Amino acid sequence: MSQSIVIGISDYKLAKGPEVLVTYALGSCVGVCLYDKVSKVGGLSHIMLPDSTNFSNRDINRKKFADTAIVDLVDEMKRAGCGNNRIVAKIAGGAQMFEVQPGSKLGAIGERNIVCVKQVLNQLRIPILAEDTGLNFGRTQYFDLATGIMKIQSLNRRIEEF
């Protein structure tokens, strides 16, 4: 197995198999794995917020938001030789990590992230092959670009493969 490439919060990275991409501490954030099995090119995006529409365009980090990060990552994948109709997705995260008052937008950020990620992927016609989302626990997400397998590790749980 090769050295892991670490993706931080509000960032994404693109690589080619046999690299392994990893992002830690997915709580309410959503990790989006995109993959082209023919070229073995893939990317992992650690999305913090659902959409950028409430922020001034010149002030934002486009890698922070589902509506901009996924589009930008797909564009980079296409420039790297990925086929339009070959890109697939696997997603994880979007947990509700803390008890909050009912109706609080902050408490629903994980669910809002999941919904927006799915909307953007649907608009781009990218199928979601697997997901491990919601609930109330954090996740570490590994994405093996040699195989396209996403592994999820969580405290006091067995490692899941998707």
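Starting from 1, each residue takes its place in the sequence as its number. Everything quoted here is computed from the prediction, not taken from an experiment.
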**Gln153 and Ile159, any side-chain heavy atoms less than 4.5 Å apart** = yes
When you measure from the side chain of Asp36 to the backbone of Met77, do you find a donor-acceptor pair of N or O atoms at a distance under 3.5 Å? no
- Any sub-3.5 Å donor-acceptor pair from Lys40's side-chain atoms to Ala146's backbone N or O? yes
One should read off an interatomic distance between Met97 CE and Leu26 CG, to the nearest 0.5 angstrom, of 10.0 Å
Contacts satisfying ring pair (Phe, Tyr, Trp, His ring centres under 6.0 Å) that involve residues 20-39 (not counting sequence neighbours) are Tyr35-Phe143
Tightest non-hydrogen contact, residues Ala25 and Thr140, listed as N-OG1, 4.2 Å
Query raised in the report: Is Lys90 reaching over with its side chain to a backbone N or O of Phe162, donor-acceptor style, under 3.5 angstrom?
Result: yes
What one should report as the nearest heavy-atom pair of Ala66 and Val117 is CB-CG2, 3.9 Å
Check step by step if side-chain contact (heavy atoms from CB on, under 4.5 Å) holds for Leu121 and Ile91. CA-CA 10 Å; Leu121 291 170; Ile91 64 174; 4.1 Å; yes
Within the 4.5 Å heavy-atom criterion, are Leu155 and Phe137 side-chain neighbours or not?
no
Going hydrophobic residue to hydrophobic residue with side-chain gaps under 4.5 angstrom, can you get from Val88 over to Val41?
no
Linking I/L/V/M/F/W/Y whenever any side-chain heavy atoms sit under 4.5 Å apart, do Ile9 and Ile5 land together? no
When rounded to the nearest 0.5 Å, the distance separating CG of Leu44 from CD1 of Ile7 is 4.5 Å
Practice prompt. Using a strict 4.0 Å threshold on nitrogen-to-oxygen distance, state whether Glu131 and Lys118 make a salt bridge.
Written response: yes
Q) So, does Asp11 use its side chain to make a donor-acceptor pair with the main chain of His46 at under 3.5 Å? A) no
Original post:
Hey, any chance Val71 and Ile126 share a hydrophobic cluster, counting ILVMFWY side chains that come within less than 4.5 Å of each other, even indirectly?
Top reply: yes
| task | Check whether any side-chain N or O of Arg139 sits under 3.5 Å from a backbone N or O of Gly31 as a donor-acceptor pair, and report yes or no. | result | no
>> Quick one, Asp51 and Phe65 - any side-chain contact, counting heavy atoms below 4.5 Å?
In response: no
Taken to the nearest 0.5 Å, the spacing of Ser45 OG from Gln141 CD works out to 9.5 Å
For Val6 and Lys13 the tightest heavy-atom approach is O-NZ, 3.1 Å
Heavy-atom closest pair (Asn113 atom, Ser28 atom, distance to 0.1 Å) is ND2-O, 2.8 Å
Note to self: Assigning hydrophobic clusters by single linkage (Ile, Leu, Val, Met, Phe, Trp, Tyr; side-chain heavy-atom cutoff under 4.5 Å), is Val22 placed with Ile152?
What the structure shows: no
- Query: So do Asp72 and Tyr12 actually touch side chain to side chain, heavy atoms under 4.5 Å?
  - Reply: yes
d(Arg157 CZ, Asp132 CG) to nearest 0.5 Å is 8.5 Å
Side chains of Pro50 and Ile109 in contact at under 4.5 Å (non-hydrogen atoms)
yes
Original post:
Going through the distances and angles, do Glu160 and Arg158 end up as a salt bridge (charged side-chain N to carboxylate O under 4.0 Å, His left out)?
Top reply: CA-CA 6 Å; Glu160 297 282 343; Arg158 66 184 185 89; 3.8 Å; yes
Output for pair (Leu14 CG, Leu21 CG), nearest 0.5 Å, gives 8.5 Å
Quiz item: Are Val120 and Val32 connected, step by step, through hydrophobic side chains (Ile, Leu, Val, Met, Phe, Trp, Tyr) whose heavy atoms are closer than 4.5 Å?
Solution: yes
When rounded to the nearest 0.5 Å, the distance separating CD1 of Ile70 from NZ of Lys63 is 14.0 Å
Closest non-hydrogen contact found for Leu34 with Ala89 is CD2-CB, 3.7 Å
On a heavy-atom basis, the closest approach of Ile114 and Gly134 is CD1-N, 3.7 Å
